[in-house]
Amino acid sequence: MPVTLHNEIEIAVTAEKLFSYVTQPWKWHEWHPSSRSATAVKDVLAADDEFEEIIEVQPLAPLPPRLKRTTRYRVIESVPFHTWTVEGKMKDGWIRIRYDFEEKGGVTFFARTLDFSVSGLNRILMPVLRSNMEKLSLVALNNLKQKLEAKPDES
C-alpha cells in the first residue's frame, strides 16, 4: 500500500530562486539527509528528462543497518516556478515527488508531497520506514529553508 507524506513550509525567497535550486537533484544532498548524490545529463530538467539519485536510509535508526539504493527518475511535470513532479523506480519499489510553489510578497509557500511504496522484505519495515521518512522530511525542509534564507558573508 502506498504511503503519502505531505509537508509545507514558508521560505523567504522568490519562487524562481527556490524552483531553480530544488529542481537540481545533484544539490539535494545539501539539504536532504538521505540523498547522497545525483547525476543528470542536463543542467535544467524539463518534462521527460531523466536522472539518477543515490539515497541511503537507516530504517532501524539508531541501529546501524543502512540501505543504499539507486533510484532512476523521470520528470513528468515541470511548470517553472509553480510545480515540478518526478517519478522514480528502484529495485524494490517506486517513488513520486511533487513540489508546489506559491509566491506572495517575496515569500514562497513550498509544498513537498512524497508518495512511495516498497516491495519484498522491505514491506515488513514499512511502518518504521514511514515514521523515519516523516521525520526526515521535516528535517529536510528546515535544512532547505535555512540554506536558502542564509545571508551570504559580508566579509
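Just so it is clear, the values below take in all heavy atoms, side chains as well, and ignore hydrogens, waters and symmetry mates.
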Task: ring-ring contact (aromatic ring centres under 6.0 Å, His included) partners for Phe81, two or more places apart - done: Phe19
- [ ] Apply ring-ring contact (aromatic ring centres under 6.0 Å, His included) to Tyr99 and list each qualifying residue two or more places apart in sequence or on a separate chain.
- [x] Trp84, Phe110
Open item on the list: Can you list everything that forms a side chain to side chain donor-acceptor pair (under 3.5 Å) with Asp92? Sequence neighbours excluded, please.
Closed with: Arg69, Asn122
Open item on the list: Under the rule for side chain to side chain contact (heavy atoms under 4.5 Å, CB included), what residues qualify as partners of Ile76, not counting sequence neighbours?
Closed with: Arg74, Thr85, Glu87
Open item on the list: Tell me every residue that passes side chain to side chain contact (heavy atoms under 4.5 Å, CB included) with Ala111, counting only those two or more places apart in sequence or in another chain.
Closed with: His6, Glu8, Asp100
Open item on the list: Check whether Asp49 reaches the backbone of Ala46 with its side chain - one donor and one acceptor, N or O, closer than 3.5 Å.
Closed with: yes
Tell me which donor-acceptor pairs under 3.5 Å the side chains of residues 27-35 have, and how far apart each pair is, sequence neighbours excluded?
| from | atom 1 | to | atom 2 | distance (Å) |
| --- | --- | --- | --- | --- |
| Trp28 | NE1 | Val22 | O | 2.7 |
| His29 | ND1 | Trp26 | O | 3.1 |
| Glu30 | OE1 | Tyr21 | OH | 2.5 |
| His32 | ND1 | Ser34 | N | 3.1 |
| Ser35 | OG | Glu53 | OE2 | 2.8 |

Task: Residues that Thr4 engages under side chain to side chain contact (heavy atoms under 4.5 Å, CB included), provided they are two or more places apart - done: Thr113, Asp115
- [ ] Please list, chain by chain and in numerical order, all residues satisfying side chain to side chain donor-acceptor pair (under 3.5 Å) with Lys68, sequence neighbours excluded.
- [x] none
Open item on the list: Test: salt bridge (Lys or Arg N to Asp or Glu O under 4.0 Å). Region: residues 117-143. Which pairs qualify, not counting sequence neighbours?
Closed with: Arg130-Glu134
Open item on the list: Tell me every residue that passes salt bridge (Lys or Arg N to Asp or Glu O under 4.0 Å) with Glu10, counting only those two or more places apart in sequence or in another chain.
Closed with: none
- [ ] Could you tell me whether the side chain of Ser20 and the main chain of Glu16 form a donor-acceptor pair under 3.5 Å?
- [x] yes
Task: Within one Ile-Leu-Val-Met-Phe-Trp-Tyr cluster: Ile97 and Ile54, side-chain cutoff 4.5 Å - done: no
Task: Non-neighbouring partners of Glu102 that pass salt bridge (Lys or Arg N to Asp or Glu O under 4.0 Å), sequence neighbours left out - done: Lys104
